[in-house]
Amino acid sequence: MKIHLTSVFVDDQAKAEHFYTEILGFVKKHDVPVGEKDRWLTVVSPDEPDGTELLLEPAGHPAVKTYRDALTGDGIPLAQFAVDDVTAEYERLRGLGVRFIQEPLEMGPVTTAVFDDTCGNLIQIATKPQ
């Protein structure tokens with residue numbers, strides 16, 4: 001068994017597609033219309049095009065707002081992405097206008113940072129465990 005797909009709820013799929021591909025550097029994998037305005041929109045790491053997909057899922061369900069507001073209000077990231085160098089990625093993303101709520105922080109064997117994905121979520125980046 002392995003993880004094939006996970007999701008983040010997003011307020012606007014077009015905005016999310018731009019942020020996750022043009023800013024973060026993911027690659028669009030699937031883009032299939034679902035209903036009148038939604039899409040089955042997934043992205044993957046360019047390093048693993050056949051790896052785990054991230055679904056940019058519309059945040060239309062009534063429970064989503066309460067859930068995300070509670071997480072962001074408490075500063076809890078919805079997802080975590082691995083990077084080789086958190087400080088370098090922090091500087092790159094800040095240069096692109098990404099707003100961080102936690103600067104790089106060493107936490108034992110890993111370094112983390114947390115940013116706002118502009119789509120309603122906090123995302124943590126962390127060094128890959130050795």
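Note that the numbering runs from 1 along the sequence shown for the chain. Computed over heavy atoms, backbone and side chain alike; hydrogens, waters and symmetry mates excluded.
- To the nearest 0.5 Å, atom CH2 of residue Trp40 and atom CD of residue Gln13 are 10.5 Å apart.
- Cluster annotation: Leu71 and Ile125 are assigned to the same hydrophobic cluster (Ile/Leu/Val/Met/Phe/Trp/Tyr, side-chain heavy-atom contacts under 4.5 Å, transitive).
- Of the possible donor and acceptor atoms, one in the side chain of Asn121 sits under 3.5 Å from a partner among the backbone N and O of Phe9.
- Annotation: side chain of Lys15 is not in contact with side chain of Val10 (no heavy-atom distance under 4.5 Å).
- Phe81 is linked by a ring-ring contact (aromatic ring centres under 6.0 Å, His included) to Phe26, counting only residues two or more places apart in sequence or in another chain.
- Side chain of Thr111 to backbone of Thr127: no donor-acceptor contact under 3.5 angstrom is found.
- In summary, of the residues considered (Ile23, Leu24, Leu122), a side-chain contact (heavy atoms from CB on, under 4.5 Å) with Phe115 occurs for Leu24 alone.
- Of the residues Gln124, Glu103, Glu106, the one that meets the side-chain contact (heavy atoms from CB on, under 4.5 Å) test with Thr112 is Gln124.
- Partners of Asp47 under the salt bridge (charged side-chain N to carboxylate O under 4.0 Å, His left out) rule, at least two apart in sequence or in another chain, do not exist in this structure.
- Under the side chain to side chain contact (heavy atoms under 4.5 Å, CB included) criterion, Lys28 pairs with Glu17, Asp31, Leu41, not counting sequence neighbours.
- Within the structure, salt bridge (charged side-chain N to carboxylate O under 4.0 Å, His left out) pairs that include any residue of residues 78-92 comprise Asp84-Lys128, Glu89-Arg92 (at least two apart or interchain).
- Closest of all the heavy-atom pairs between Ala16 and Cys119 is CA-SG, 3.5 Å.
- Hydrophobic clustering of Ile, Leu, Val, Met, Phe, Trp and Tyr side chains at less than 4.5 Å, counting indirect connections, unites Val98 with Val43.
- Leu54 pairs in a side-chain contact (heavy atoms from CB on, under 4.5 Å) with only one of the listed residues (Leu5, Thr42, Val8), which is Val8.
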Report all side-chain donor-acceptor pairs from residues 55-66 shorter than 3.5 Å, counting only partners two or more places apart or in another chain.
residue	atom	partner	partner atom	Å
Glu57	OE1	Ser7	OG	3.2
His61	ND1	Ala63	N	3.0
Lys65	NZ	Asp69	OD2	2.7

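- We find the CZ-CD1 distance between Phe19 and Ile123 to be 8.0 Å, quoted to the nearest 0.5 Å.
- In the hydrophobic clustering, Ile3 connects to no other residue, as no ILVMFWY side-chain heavy atoms lie under 4.5 Å from its own.
- Of all non-hydrogen atoms in Pro104 and Thr87, the two that sit nearest each other are CB-OG1, 4.0 Å.
- Residue Val86 comes nearest to Val83 through the heavy atom pair CG2-CG2, 3.7 Å, listed as atom of the first residue, atom of the second, then distance.
- For Pro46 against Val27, the heavy-atom pair with the smallest separation is CB-CG2, 3.7 Å.
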